[in-house]
Amino acid sequence: MKQTIQQKQAAFEELMRENGFQYLGATTYDGHFIYERTWRRTSPVAFYGDMESSYKVMAYISYGVPIVQLFDNGRALGTRDYSSPKRAMNAIKEIIRCAGYAV
């Protein structure tokens with residue numbers, strides 16, 4: 001059974017809240033909420049000391065398609081789109097794990 005755009009929007013919002021994403025007041029050009037979450041870690045670096053790294057994920061849904069934007073230490077890594085909210089969340093979890101952050 002194919003999901004409607006409203007069903008995908010509702011499922012997406014529920015998944016975002018369940019996984020710690022927050023709506024910080026930003027919207028897309030068509031009025032959809034942008035959810036955001038940032039992971040941080042501190043690593044010891046030789047001859048420098050401790051260094052903090054961050055990984056930010058911004059996600060929204062546009063016309064029934066989940067869009068995910070990735071940022072590593074403030075640098076944009078790219079934009080990806082997925083066929084369903086569940087696939088987007090599974091991909092986000094895998095991306096975060098491969099980047100070395102704890103989900």
Side-chain angles (χ1 to χ4, degrees):
M1 184 171 116
K2 206 169 187 181
Q3 289 183 329
T4 65
I5 292 175
Q6 291 80 12
Q7 289 173 328
K8 284 185 179 183
Q9 179 73 30
F12 181 75
E13 290 175 3
E14 183 180 339
L15 270 176
M16 290 290 115
R17 279 189 245 109
E18 285 176 359
N19 289 289
F21 284 78
Q22 298 176 349
Y23 168 63
L24 300 177
T27 58
T28 62
Y29 62 91
D30 56 350
H32 291 93
F33 297 152
I34 298 175
Y35 292 90
E36 183 179 313
R37 183 169 175 192
T38 303
W39 287 263
R40 297 186 190 285
R41 70 172 178 213
T42 304
S43 309
V45 178
F47 306 109
Y48 183 76
D50 289 341
M51 187 175 114
E52 185 176 302
S53 300
S54 66
Y55 204 90
K56 181 170 79 169
V57 176
M58 294 173 57
Y60 60 93
I61 199 156
S62 179
Y63 300 105
V65 178
I67 308 293
V68 176
Q69 296 176 325
L70 307 170
F71 300 88
D72 187 16
N73 291 323
R75 183 179 54 119
L77 296 178
T79 302
R80 300 172 181 195
D81 58 271
Y82 297 95
S83 60
S84 73
K86 188 173 179 181
R87 286 185 183 197
M89 187 52 64
N90 288 338
I92 289 170
K93 288 178 182 177
E94 189 66 16
I95 290 167
I96 294 301
R97 187 189 65 78
C98 289
Y101 295 85
V103 177

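Throughout, numbering of the chain's residues begins at 1 and tracks the sequence.
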- What residues, two or more places apart in sequence or in another chain, satisfy salt bridge (Lys or Arg N to Asp or Glu O under 4.0 Å) together with E52? R40
Rounded distance (nearest 0.5 Å) linking atom [atom1] of [X] with atom [atom2] of [Y]:
| X | Y | atom1 | atom2 | answer |
| --- | --- | --- | --- | --- |
| L24 | T38 | CG | OG1 | 8.0 Å |
| Y35 | F21 | OH | CZ | 11.5 Å |
| F33 | T27 | CZ | OG1 | 8.0 Å |
| R37 | I96 | CZ | CD1 | 8.0 Å |
| L70 | M58 | CG | CE | 11.0 Å |

- Message: Test of understanding: clusters of I, L, V, M, F, W, Y form through side-chain heavy atoms closer than 4.5 Å, transitively. Do Y23 and V57 belong to the same one?
- Response: yes
What pairs of donor and acceptor atoms, side-chain ones from residues 71-93 against any protein atom, are under 3.5 angstrom apart with sequence neighbours left out?
unit_1	atom_1	unit_2	atom_2	d
N73	OD1	S54	N	2.8
S84	OG	R87	N	3.2
N90	ND2	K86	O	3.4

Mind listing the side-chain donor-acceptor pairs of residues 9-16 below 3.5 Å, one per line with the distance, residues two or more places apart or on another chain?
unit_1	atom_1	unit_2	atom_2	d
Q9	NE2	E13	OE2	2.7

- Taking all non-hydrogen atoms of both residues into account, name the closest pair between S62 and D30 and its distance. OG-OD2, 4.0 Å
- Kindly give the heavy-atom pair with the smallest separation between P66 and I61, and that separation in Å. N-CG1, 3.9 Å
